[in-house]
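Contents: one structure, followed by commentary.
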Amino acid sequence: MNAATPTPAERAAELRDLILRLDAAYYERAEPLATDAEYDAAFRELQALEAAHPELATADSPTRRVGGKASGGFEPVTHAVPMLSIRTETEHGPAGALAFDARVRRELGLGDADPAVEYAAELKFDGLAINLRYERGLLVSAATRGDGSTGDNVLANIRTVRAIPARLAGAAPEVIEIRGEVYMRHDDFAALNQRQAAADAKTFVNPRNAAAGSLRQLDPAITAQRTLSFFAYGLGEVIGWTEPATHAGLLDAIAAFGLPVCADRAVASGGAELVAFYEGIANKRAELPFDIDGVVYKVNRLALQRDLGFVAREPRWAVAHKYPPQEQTTTVEGIEIQVGRTGALTPVARLAPVFVGGVTVTNATLHNEDEIRRKDVRVGDVVIVRRAGDVIPEIVGVLAERRTTELPQFVMPTECPICHSAAYRGDDEAVLRCTGGLVCPAQRKQALLHFAQRRALDIEGLGEKVVDQLVDAGIVRTPADLFNLGLLNLVALERMGEKSAQNLVDAIEKSKRTTLARFIFGLGIRQVGEQTAKDLARHFGALDKLIEAAEADDAEAKAQGVGLAGGAGVAGEGGAGPADAATDAAATEPDSATAGEPATTGDLFASAEPAAKPARRARVKAAQPFPRLSAVRDVGPVVAESIAHFFSEPHNRTAIELLRANGVSWDESAPGTGPAGTALAGKTFVLTGTLPTLTREDAKERIEAAGGKVSGSVSKKTSYVVAGAEAGSKLAKALELDVPVLDEDALLALLAAT
Ligand code: IVH
């Protein structure tokens, strides 16, 4: 790919063509095809080429004008005073400010002994320049910059901007034109995009683009629905008004007329104070509620501004000092899959390295498949990457016009790239998940913690720190490995004395005797919380019965082509990213998509069982899948599907066999694990106070084993209140509602009779 280096003439023509196309898209269609930084780079390269080869500077070169031209659809407005642009210092450091100060001093003929020049320092708002013309205090025209000489009259749209008064406050001059920037705040931008997405309308890549698009609406009613803001920063034509002596005074006067002027401004004396302003604003840039791309320095005394004048349509008395861009364009070189701690498969874009937001970014999360489709990101695309403050870099959009060849859509894999278990997307979820919870290296730590937690196998002392070390050292891979741990393995760990190591060994040994319900819960089957695990244990009585039912249901569902037969929720095969994707978690948030899960401490999966969507129910009803699992109390199709899938996964079956082989056992007919009793079916109990021998948990388990329910509050529907010592308001409520009250003996008698 060694294309011949273009001649300066060819390169200049290329750049001119590029800039004209970018201008047309930006100014006429409000569609940025490049970031500011890219545009600036092309512009500067062309300027440099034309300076070095003056014969190349054509009359129509974009460097000869200051912006786009007025677009059709709006009435043209000739600016009484041209709207110029300002020179940009792109050096992201003190040098930019110091160079400006030195230039100003030189132009003014000041020597080292002369006093510091005073500057007005303000923000460089990232929006659209607008000229507001007030005649005798009334807003009569509002024009975009256009090409600097002629802009578009967008008055009807500007009238919908609440921040811009239709009438000036106080004594108004004959004519005053106030110039400033129309922009959109971050919160208004987010709300707009949310509404656009909900209405299946085009979303905007950034606030400036949204502001431009909104201002260029031919129907002001649409602009009125978009919240635009405004900051004034200067004047155009003025008749019948005496200007203040300084720019700072001018801004105060504009504020007194009732127009918004940004409070983040300062009067700075000399270059050093400009540097301090630049740095101070850099530090708060991420917290500003709107985008800025730099700061602007202006010589404060208007008389000095007049002395300095203009060069090549740029004032000598002002400069824009930019910050590192928060947006850049780059190329998507690949899309890989990361597997998070809870099994979420997250697509991550690998990017050609790009300097944005002050760091070099090489990847950006794409969140999930819906997001990829919505943004239509494909490998090979040129995209805009944004990184503001410490926020994780994200792809804000694709530069569609840069896609010159047909690129294939990205398809999510049907299996986990780490452990090759099937990947599964629940109907109610945007996230694709690995089903190999017990065996998947990416999920190991989480699975072990879930398995060991108090409400599961209850291994005291097996906390996060120990699990981290055991997994990182490669000593423990699956829960079964826990039962082969020797004292020596443990003593070698950080901050683990002999005594605590022995305690842990004992706790592990003790945990081998468990209940079927705890064991099922400990497996970390998605959608199966503690209560469902108990229901399953009671219903099936034995693990093999549960497995048989799950397998039979799974086979039938697959045969009927419902549920998991759809697998990953996406049709098609292949598309898996490189298997080592998970090793680089930098700059991504693999499990962000799971943040909304109702999870209790240490739970691998949520214990709440969300209701299926109506559409899903209809589909399930027609096909009648999972009849065996759905027969269990409170197990609906979504939960049944998850259970069926878990047990049909060979990896999980192997992990269970290993646990049994390592001595994990339970009594398959003990209370709390046997088939559900029915004697107390339909009865609701409320427990209150301290019982003499039973813990709350024991009492609850026994009532539930007999088919009863335990609830937290007393109502007329409560069958019994079981009261112990120091029973409080619940007992009072029971007496008030005439609900029978039992003590522990009475409860035990009731249970014995069942
Ligand atoms: S002064 C003659 N001040 O930046 C000087 N411009 O090239 C006129 N901008 O598109 C500009 N914030 O819309 C000035 N505080 C500020 C500004 C600002 C943003 C924009 C302006 C123009 C560009 C300057």
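When a ligand or atom number is given, it counts from 1 through the structure's own listing order. Computed from a predicted structure; not experimentally measured.
Minimum interatomic distance between V81 and G236 (heavy atoms only, all atoms of both residues): CG2-C, 3.9 Å. For E273 against V267, the heavy-atom pair with the smallest separation is OE1-O, 4.1 Å.
The aromatic rings of H321 and Y278 sit parallel, their planes meeting at an angle under 30°, below the 60° perpendicular limit.
Of all the heavy atoms of V296, the ones lying under 4.0 Å from any atom of ligand 1 belong exclusively to the side chain. Looking at L123 against ligand 1, only its backbone comes within 4.0 Å, counting heavy atoms. In K298, the part holding a heavy atom less than 4.0 Å from any atom of ligand 1 is the side chain.
Each of the following atoms of ligand 1 lies closer than 4.0 Å to a heavy atom of E122: 3 (N), 15 (N), 16 (C).
Contact of the M83 side chain with the S149 side chain is not registered, since no non-hydrogen atoms from C-beta on lie closer than 4.5 Å.
Checked by distance only, ligand 1 and F125 come closer than 3.5 Å through their nitrogen or oxygen atoms. In terms of N/O distances under 3.5 Å, ligand 1 is approached by K124. Considering backbone and side-chain N/O atoms, P315 never comes within less than 3.5 Å of an N/O atom of ligand 1.
Of the protein's heavy atoms, Y233 CE2, 3.5 Å lies nearest to atom 18 (C) of ligand 1. In terms of protein heavy-atom proximity, atom 5 (C) of ligand 1 is closest to I86 CG2, 3.6 Å. With respect to atom 8 (C) of ligand 1, the closest heavy atom belonging to the protein is L84 O, 3.9 Å.
Centroid-to-centroid, the aromatic rings of F257 and W241 come within less than 6.0 Å. Centroid-to-centroid, the aromatic rings of F231 and F125 come within less than 6.0 Å.
Across the listed options R265, E181, H247, E181 owns the non-hydrogen atom lying nearest to atom 13 (O) of ligand 1.
Taking CZ of R403 as the start and CZ of R378 as the end, the distance is 4.5 Å to the nearest 0.5 Å. Separation of atoms CG (L108) and CG (L304) is listed at 5.5 Å; rounding is to 0.5 Å.
Not a single heavy atom of M83 sits under 4.0 Å from any atom of ligand 1. Distances shorter than 4.0 angstrom occur between a heavy atom of R145 and an atom of ligand 1.
Between the side chains of E327 and N206, at least one donor N or O sits under 3.5 Å from an acceptor N or O.
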